[in-house]
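Only one structure is covered here, and it is reproduced in the block below.
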Amino acid sequence: MPELPEMETYRRLLHEQICGAVITSTAVQREKTINLPPAQFGQLLQNNRLTLIERRGKHLLFHLQSGHVLLLHLMLGGFLYLGTAEDKLARTAQVTVFLGERVLYFHGLRLGYLHLLTPDQIDEKLAPLGPEPLNPEFTLTHFEKLLEEKRGVLKTAMVDQHWIAGIGNCYSDEICFHARILPTRRIPELTAPERATLYHSMQEVLAEAIRFGGYMEQPLYRTDELTGGFDERCQVYDRGGEPCLRCGQPIVKDELSSRKVFFCTHCQQ
DNA sequence: AGAGTCACCCGGACGC
DNA sequence: TGCGTCCGGGTGACTC
């Protein structure tokens with residue numbers, strides 16, 4: 001599901017493609033996706049300009065000239081498509097935002113949402129999120145401090161958005177594999193070198209995933225060659241039973257607090 | 001605080 | 001092909 005690298009890829013591409021564009025109209029297929037009556041939602045968005053597209057954790061923030069912000073969370077299986085009235089996908093969009101000729105389609109939002117909020121509401125909504133792992137302020141010292149305050153299982157902590165924002169089921173496993181540390185380890189038992197390795201693996205894996213466009217299946221727009229390039233670069237996620245790319249032993253698929261987890265018992269300690 | 005459970009929701013996979 | 005059923009999975013609320 002979309003995690004930090006996928007949302008960051010979207011942010012970069014959307015910034016290039018539609019920053020400064022004016023919303024001409026909207027269409028809402030699924031009212032639960034939004035937080036206002038569709039008429040009010042449409043009225044507040046119409047003739048509003050997109051001034052900035054920002055990411056926080058797994059959220060995307062579309063800042064508008066009026067000061068309002070469209071807050072997007074794709075949750076499970078949500079994805080975007082930027083096309084035109086003709087160039088669109090053969091499935092329903094829960095919300096459609098028209099930007100003159102161009103059209104931004106919001107697909108697969110069954111649990112995901114697109115909420116129109118004021119800056120105060122945004123601050124309140126995002127306040128509980130943990131630090132951004134790729135923010136320069138997020139140093140090894142900062143990470144070591146977080147680890148000292150946490151006692152549970154490593155993977156469970158890594159996917160906790162209040163602890164660190166943006167890491168989900170896929171990248172928690174990828175980061176642990178890169179660090180050669182089992183995701184099932186308990187945080188208090190991690191040695192100092194392991195903590196440092198984990199920090200560097202987090203930086204490297206997330207940065208590489210962004211460089212390759214994340215693992216989204218659907219390109220953002222017709223000529224988009226970036227999105228989804230990380231698909232075939234996943235080392236362990238969803239590779240249960242397949243040979244480890246480092247040692248050839250089969251990747252183990254297990255369950256950890258009702259969540260899939262993948263690791264190599266030979267390469268990871 | 002951590003760990004477990006549940007509800008939310010529906011596209012897609014699977015069985016017949 | 002087509003219909004019914006089940007599952008997955010991020011998050012927040014709730015419990016022990």
Side-chain angles (χ1 to χ4, degrees), chain A residues 1-11 28-35 55-61 71-81 88-96 105-115 117 121-133 145-176 182-190 206 209 214-218 228 230-231 234 236-241 253-263:
Chain A
M1 300 303 107
E3 303 177 32
L4 186 155
E6 289 68 42
M7 299 313 279
E8 181 61 22
T9 301
Y10 274 163
R11 187 197 66 75
V28 178
Q29 188 74 29
R30 180 178 177 275
E31 292 193 21
K32 281 184 174 181
T33 301
I34 61 174
N35 60 326
R55 181 192 57 75
R56 179 74 174 95
K58 302 177 189 174
H59 300 263
L60 221 51
L61 286 74
L71 180 70
L72 172 71
H73 196 306
L74 293 175
M75 295 284 252
L76 324 155
F79 63 98
L80 303 180
Y81 190 73
K88 59 180 178 179
L89 305 178
R91 51 184 291 180
T92 54
Q94 282 69 47
V95 180
T96 309
Y105 297 95
F106 294 81
H107 290 282
L109 296 183
R110 33 192 222 278
L111 292 182
Y113 54 84
L114 184 65
H115 286 180
L117 302 173
Q121 290 172 316
I122 288 283
D123 289 347
E124 192 188 336
K125 173 87 185 169
L126 301 182
L129 289 182
E132 285 291 326
K145 197 163 163 247
L146 283 186
L147 285 167
E148 277 161 32
E149 295 162 358
K150 206 77 172 163
R151 325 194 132 266
V153 173
L154 178 58
K155 180 180 170 90
T156 311
M158 287 177 82
V159 300
D160 178 357
Q161 300 303 295
H162 307 300
W163 194 58
I164 296 177
I167 297 171
N169 216 23
C170 169
Y171 291 106
S172 54
D173 288 353
E174 293 298 318
I175 291 164
C176 287
L182 287 169
T184 50
R185 292 275 297 280
R186 297 204 157 255
I187 291 177
E189 272 109 63
L190 295 172
L206 293 177
Y215 62 69
M216 297 295 296
E217 287 168 28
Q218 185 70 47
F230 195 70
D231 271 10
C234 282
V236 282
Y237 186 69
D238 235 356
R239 296 196 62 244
K253 174 185 178 179
D254 208 339
E255 202 177 284
L256 195 62
S257 51
S258 66
R259 198 176 250 124
K260 280 191 296 183
V261 58
F262 300 90
F263 49 84

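Residue numbers start from 1 in every chain, and the chains themselves are labelled A, B, ... in the order their sequence lines are given, proteins ahead of strands. In this text the structure is predicted, and so the values were computed from the model without any measurement.
- Checked against salt bridge (Lys or Arg N to Asp or Glu O under 4.0 Å), A:K58 has no partners two or more places apart in sequence or in another chain.
- At whole-Å resolution of the value, CZ in A:R91 and C1' in B:dC9 are 13 Å apart.
- Between chain A and DNA chain C, the heavy-atom contact criterion of under 4.0 Å yields a 5' to 3' nucleotide range of C:dG8 to C:dG12.
- Per the geometry, CG belonging to A:L109 stands 11 Å off P belonging to B:dC10, to the nearest Å.
- A:M75 has its CE atom 16 Å from the P atom of B:dA7, to the nearest Å.
- Between the side chain of A:E217 and the main chain of A:Y215, no donor-acceptor pair closer than 3.5 Å is present.
- Projected onto DNA chain B by closest heavy-atom contact, A:R110 and A:K150 fall at different nucleotides, the more 5' of which corresponds to A:K150.
- Taking the charged nitrogens against the carboxylate oxygens, A:E8 and A:R11 do have a contact shorter than 4.0 Å, which makes a salt bridge.
- Atom CG of A:L154 and atom P of B:dG2 are 13 Å apart (whole Å).
- Taking the side-chain contact (heavy atoms from CB on, under 4.5 Å) definition, one finds that A:H107 meets it with A:F79, A:Y81, A:L89, A:R91, A:A93, A:Y105, sequence neighbours left out.
- A:L146 is listed as a side-chain neighbour of A:W163, based on a closest heavy-atom distance under 4.5 Å.
- Looking at heavy-atom distances under 4.0 Å, A:G77 makes no contact with the nucleic acid at all.
- Among the protein residues, A:R259 comes within range of the nucleic acid bases, having at least one heavy atom under 4.0 Å from a base atom.
- Atom P of nucleotide B:dC10 and atom NE2 of A:H107 are separated by 16 Å, given to the nearest angstrom.
- Atom-to-atom, CD of A:E255 to P of B:dG4 comes out at 10 Å; the value is rounded to the nearest Å.
- Taking atom CG of residue A:L74 and atom C1' of nucleotide B:dC9, one finds them 15 Å apart after rounding to whole Å.
- If you take NE2 on A:H73 and CG on A:L114, they are separated by 12.5 Å, rounding to the nearest 0.5 Å.
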